[in-house]
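First comes the structure, then the notes that go with it.
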Amino acid sequence: MPMKVGVVGYGHLGQYLVSEIQKRSDVELAFIWNRTLETLQGKVSENLILKDLLAFKEYEADLIVEVAHPSITQKHGAEFLKYADYMVGSPTALADSNLELSLRNAAKSHGLYVPSGAFWGGEDIQKMADRGTLQALKVTMKKHPTCFKLNGDIEAKNKAVTDQAVTLYDGCVRDLCPLAPNNVNTMAAAALAGHNLGFDKVQGCLISDPHLKDWHIVEVEVWGPGDMNADRAFHCKTVRRNPATFGAVTGSATYASFLSSMLGARNKGPGLHLC
């Protein structure tokens with residue numbers, strides 16, 4: 001039986017997922033919802049268009065995938081989990097500790113899935129967190145200024161970037177997520193994978209670099225067992241260069257990664273899972 005997938009959001013990523021689902025035999029499109037219904041007209045069969053998101057349960061999806069905005073998880077995440085597995089495409093929403101707790105509690109009969117996206121090595125880091133051996137974790141994201149959608153002080157800081165790279169933020173991931181909800185889902189995934197550190201202790205660094213017109217760069221640094229003070233602890237650093245269209249929020253390689261995450265978001269049971 002193919003897995004029935006409901007897709008919430010029809011931006012670039014949502015369009016990609018819908019197109020890929022319709023090509024496959026192992027998954028089936030249960031429904032597609034978008035805030036602006038006119039965008040869906042002529043693109044998707046009328047019987048698959050969900051006009052009222054609150055009516056999602058009538059379509060009996062096995063998995064609901066959010067690729068719209070963190071507010072979807074805030075408003076509907078717990079309700080989705082009563083009827084289906086739920087994949088949070090905007091995990092920056094979970095920087096709200098009360099919401100994270102609410103969703104973990106709601107994931108009693110269905111799975112809450114977090115896609116790794118551009119987060120490289122997530123399963124290895126999660127294993128270290130499970131054992132309590134993960135001591136520190138830092139994720140640095142470097143993008144062209146036009147690739148950011150920001151709030152607060154860092155928005156003005158980014159607009160002032162000229163010909164030199166500027167560090168917009170360097171601190172805990174929890175405080176960064178509300179400032180860059182569209183850009184730091186990778187960091188949110190890191191905070192959830194490195195759960196013994198969490199959003200307060202995983203460090204995020206955001207760099208606006210006017211020279212990065214064709215790339216998004218994600219660096220992940222991990223410190224594990226050993227003595228960090230004596231520089232004798234396990235340490236690993238990965239650098240991911242993701243091709244990206246100029247001005248795009250999401251790098252091109254992340255689309256295929258997200259599809260793989262969606263296909264893997266099944267049969268893991270209740271609770272929170274990285275996929």
Side-chain angles (χ1 to χ4, degrees), residues 1-9 17 21 26-31 33 50 53-117 119 121-134 137 173-174 177 185-202 257-275:
M1 288 285 291
M3 177 172 65
K4 295 180 65 176
V5 179
V7 178
V8 178
L17 289 179
I21 289 169
D26 56 342
V27 286
E28 174 187 334
L29 188 63
F31 66 79
W33 176 90
L50 178 58
L53 190 53
L54 295 177
F56 73 90
K57 59 182 77 72
E58 298 172 13
Y59 289 74
E60 300 181 338
D62 299 308
L63 174 70
I64 297 172
V65 179
E66 175 273 312
V67 283
H69 190 272
S71 62
I72 296 296
T73 297
Q74 294 165 354
K75 295 176 182 176
H76 306 288
E79 186 69 12
F80 289 159
L81 282 164
K82 292 180 182 178
Y83 299 90
D85 289 341
Y86 179 47
M87 186 165 115
V88 188
S90 307
T92 51
L94 302 186
D96 179 333
S97 58
N98 291 327
L99 179 61
E100 180 187 355
L101 180 60
S102 171
L103 292 182
R104 285 183 182 273
N105 289 335
K108 298 298 187 185
S109 57
H110 294 96
L112 174 63
Y113 291 89
V114 176
S116 56
F119 180 47
E123 289 188 358
D124 294 306
I125 290 169
Q126 188 173 39
K127 289 175 185 176
M128 294 174 69
D130 290 344
R131 302 282 74 79
T133 60
L134 179 66
L137 175 59
V173 170
R174 189 180 303 281
C177 285
N185 287 306
T186 296
M187 296 182 185
L192 291 163
H195 56 82
N196 66 321
L197 301 176
F199 282 90
D200 291 314
K201 294 183 179 179
V202 172
S257 172
F258 203 98
L259 174 63
S260 295
S261 293
M262 183 197 76
L263 296 173
R266 63 194 305 181
N267 301 327
K268 292 187 179 180
L272 188 148
H273 310 282
L274 199 68
C275 60

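The model shown is predicted, which means the values in this text are computed figures rather than measured ones. Just so you know, residue 1 is the first one in the sequence shown, and it goes up from there.
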So, taking the atom named CG in L94 and the one named CZ in R174, what distance separates them when rounded to the nearest 0.5 Å?
10.0 Å
Would you confirm whether S102, through its side chain, and N98, through its main-chain N or O, come within 3.5 Å as a donor-acceptor pair?
no
Go through the steps to decide whether L134 and K127 satisfy the test side chain to side chain contact (heavy atoms under 4.5 Å, CB included), and finish with yes or no.
CA-CA 9 Å; L134 179 66; K127 289 175 185 176; over 6 Å; no
Interatomic distance, CD1@I21 vs CE@M262, rounded to 0.5 Å, equals 4.0 Å
Which atom pair, heavy atoms only, marks the closest approach of V114 to P91?
CG1-CB, 4.0 Å
Can you find a pair of side-chain heavy atoms, one from S116 and one from E123, that are under 4.5 Å apart?
no
Can you name the closest pair of heavy atoms from S261 and C275 and give their distance?
OG-O, 3.0 Å
Evaluate the side-chain proximity of P270 to S109: yes if any heavy-atom separation is below 4.5 Å, no if none is.
no
Are any of the side-chain heavy atoms of D130 and H195 separated by less than 4.5 Å?
yes
Quick one: closest heavy-atom pair of A30 and G6, and the distance?
CB-N, 4.1 Å
Testing the basics here: between L274 and A193, what is the closest heavy-atom pair and its distance to 0.1 Å?
CD2-CB, 3.9 Å
Nearest heavy-atom contact between Y113 and G264 is CE2-O, 4.3 Å
Can any side-chain N or O of Q74 pair as donor or acceptor with the backbone N or O of L99 at less than 3.5 Å?
no
Evaluation steps, side chain to side chain contact (heavy atoms under 4.5 Å, CB included), between L259 and L17
CA-CA 7 Å; L259 174 63; L17 289 179; 4.3 Å; yes
Given side chains that start at C-beta, do those of L53 and I72 come closer than 4.5 Å, heavy atoms only?
yes
Give a yes or no answer on whether the side chain of H110 reaches the backbone of A106 with a donor-acceptor pair at less than 3.5 Å.
no
So CG of L192 and CD1 of I125: to nearest 0.5 Å the spacing works out to 12.5 Å
Interatomic spacing from CG in N196 to CZ in R131 - rounded to 0.5 Å:
11.0 Å
Looking at K268, I'd like to know if its NZ atom is crowded, meaning that more than 12 non-hydrogen atoms belonging to other residues, nucleotides or ligands lie closer than 6.0 Å.
yes
So how far is it from L112 CG to N105 CG, rounded to the nearest 0.5 Å?
11.0 Å
Short side-chain to backbone donor-acceptor contact, T92 and N185, under 3.5 Å:
no
Hey, does M87 have a side-chain heavy atom less than 4.5 Å from the side chain of L63?
yes
Hey, which of Y86, Y83, F31 is the one that makes ring pair (Phe, Tyr, Trp, His ring centres under 6.0 Å) with F56?
Y83
Which atoms form the tightest heavy-atom contact between E28 and P2, and what is the distance?
OE1-CG, 3.8 Å
Look at atom NZ of K57 and say whether more than 12 heavy atoms of other residues, nucleotides or ligands are closer to it than 6.0 Å.
yes
Is the closest side-chain heavy-atom distance between F199 and D96 below 4.5 Å?
no
Could you state the interatomic distance from OG1 (T73) to CD (E66), rounded to the nearest 0.5 Å?
4.5 Å
